[in-house]
Amino acid sequence: MATVQFFSPPDSIKQLSDSGAFSSVPPLYACRDPDAPSDVDPTLERQIPTIDLSVLTQGDPARRSQMVRQLGRACEEWGFFVVVNHGVPETVREAMLAAAQGFFDLEEEEKAEHSGKHVMDPIRYGTSFNSKVEDIGYWRDYLKVVVHPAFHSPAKPLGFREVLGQYAACTRVVGMKLLRGIWESLELDEGYMNNALDLDACFQVCVANLYPPCPQPELAMGLPPHSDHGLLTLLHQNGVDGLQVKHGSKWVHVKPPPNSFLVNTGDHMEIVTNGRLKSVLHRAVINGRSTRMSIATVVAPSPDTVVEPVAQLVSSERPAMYRGVRYREYLEHQQGNKLREKSALDLLRVQ
Ligand code: OGA
Ligand code: NI
């Protein structure tokens, strides 16, 4: 293993962490000031909204419309909420985490089959965010797999494909139910939105994130503050916390209740609602003791849709804030550049 002076980025953080060769983080990863005052507000955590999906889909009309309003408020005020009673079996969620662990445990050469290619490749393994353009390294390995409209999967480890197929189908259903509720909360017609965003051919990507223990977690980041590209992102994790969400000027450290999904709004929710709903900034912090794993599923318009603010939310008092863009092009831009706050979205802002 190279010494710090001759440090070159590793194939994976897992390899770096497993080697045990570092008692401090290599300078590439030291992107935080450990003496900066904390920007996390611990009192906000209990205010995170909770959405009961079973009420949203099967509740009696009065409870249902109350839940729709709650969902609308959660999107407007937070851009982030916890979803319970989502109907995805715990066995499917556990199997997905185990399959992802199985993938990260493969030999580096086997994983490398999916690395170092174009950002639009349907299966992509790597470390940090985009090592080609970043001058900072993030303490994270990832596997990104496009699962819809066309389903892809790495062939290894054995059984991965079946588990991913099931997980993708289940989370897509949850995503669509939430989208339906959100359209309703904004008084947008569901059929119209399905057409405008071509949701039958929705783009869906499942991202497995691995955050190995870090010798100096106060200096490095798992993922920097960023927004996601899609409409919604659903996330679940292996029981180790690390997701933080921005609310107002503060950050909230999220401790998800058991059997829940954490859901955040993405850039395309902001574009299509003409800024009525905003994509939320979030980041991932790491720790010195345990490996954290998360599965983030992005649900988005179909790759060929040109997404623009819907006419119903554009008026002379509130002109269109974003110009339309083909989803595929946005994705390529967002994935091909540095991950920095909402810089990808800023590019579409009408001045
Ligand atoms: C992501 C992401 C956060 C986490 O994959 O886009 O924000 O907690 N992940 O892993
Ligand atoms: Ni994200």
Side-chain angles (χ1 to χ4, degrees), residues 13-14 40 45 48 78-83 93 96-97 100-101 103-104 119 123-131 134 136 138-147 164 167-168 171 175 203-214 217 220-247 251-257 260-270 278-287 290-300 330-331 333-345:
I13 298 295
K14 181 169 188 300
V40 174
E45 213 249 323
I48 295 174
W78 280 77
F80 182 75
F81 50 91
V82 172
V83 175
R93 297 180 359 131
M96 188 65 245
L97 284 165
Q101 181 72 63
F103 177 85
F104 290 119
V119 292
I123 304 175
R124 209 147 46 88
Y125 165 69
T127 182
S128 188
F129 176 69
N130 184 339
S131 336
E134 297 279 2
I136 295 167
Y138 300 110
W139 201 263
R140 164 227 196 198
D141 298 334
Y142 64 82
L143 171 68
K144 300 186 182 185
V145 188
V146 175
V147 292
L164 179 64
Y167 185 82
T171 47
F203 180 79
Q204 184 189 9
V205 58
C206 291
V207 183
N209 296 301
L210 184 84
Y211 307 97
C214 178
M221 282 300 279
L223 275 172
H226 70 280
S227 57
D228 296 339
H229 49 83
L231 292 162
L232 293 176
T233 303
L234 282 65
L235 183 137
H236 95 280
Q237 63 179 28
N238 67 341
V240 181
D241 300 333
L243 176 67
Q244 298 187 341
V245 174
K246 189 135 193 219
H247 185 60
W251 289 89
V252 189
H253 192 75
V254 185
K255 302 186 206 80
S260 65
F261 278 108
L262 303 173
V263 179
N264 66 265
T265 51
D267 292 346
H268 271 73
M269 188 61 87
E270 180 160 341
K278 305 256 188 301
S279 61
V280 72
L281 283 177
H282 54 285
R283 65 188 184 189
V285 296
I286 46 186
N287 73 79
S290 0
T291 294
R292 171 164 189 257
M293 207 162 39
S294 70
I295 311 288
T297 301
V298 178
V299 177
Y330 187 81
L331 184 64
H333 172 77
Q334 196 258 7
Q335 296 282 303
N337 283 282
K338 289 183 188 177
L339 194 58
R340 188 160 29 81
E341 307 249 317
K342 290 168 75 157
S343 56
L345 184 59

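Start at 1 and go down the list; that is how both ligands and their atoms are numbered.
No side-chain heavy atom of S294 sits less than 4.5 Å from a side-chain heavy atom of L243. Put simply, the side chain of L262 does not reach to within 4.5 Å of the side chain of H236, judged on heavy atoms. The shortest side-chain heavy-atom distance between W251 and P225 falls under the 4.5 Å cut-off. Considering only heavy atoms from C-beta on, L143 stays 4.5 Å or farther from V207 through its side chain. Within the 4.5 Å cutoff, side-chain heavy atoms of H282 are placed close to those of D228.
Residue-level proximity to ligand 1 for L235 is carried by the side chain, the only part with a heavy atom below 4.0 angstrom. No part of R283 comes within 4.0 Å of ligand 1, judged by heavy-atom distances.
Aromatic rings from Y330 and H268 are positioned such that their centres are separated by under 6.0 Å.
Ring planes of Y125 and F104: tilted class, angle from 30 to 60°.
Of all atoms in ligand 1, listed by their number and element, those nearer than 4.0 Å to a heavy atom of A296 are 5 (O).
Partners of F80 by ring-ring contact (aromatic ring centres under 6.0 Å, His included), not counting sequence neighbours: none found.
Under the 6.0 Å distance and 45° angle rule, R283 does not count as a cation-pi partner of Y138.
One side chain, T171 or Q204, offers a donor N or O that lies under 3.5 Å from an acceptor on the other.
Contact analysis puts R292 in contact with ligand 1, with a non-hydrogen atom separation below 4.0 angstrom. Under a 4.0 Å heavy-atom criterion, Y211 is in contact with ligand 1. Ligand 1 has at least one atom lying under 4.0 Å from a heavy atom of H226.
Of the protein's non-hydrogen atoms, N209 ND2, 3.1 Å is the one closest to atom 5 (O) of ligand 1. For atom 1 (C) of ligand 1, the closest non-hydrogen atom of the protein is L223 CD1, 3.7 Å.
The tally of protein N/O/S atoms under 2.8 Å from the Ni ion (ligand 2) stands at 3.
Considering P256, S294, G230 only, the shortest heavy-atom separation from atom 10 (O) of ligand 1 involves S294.
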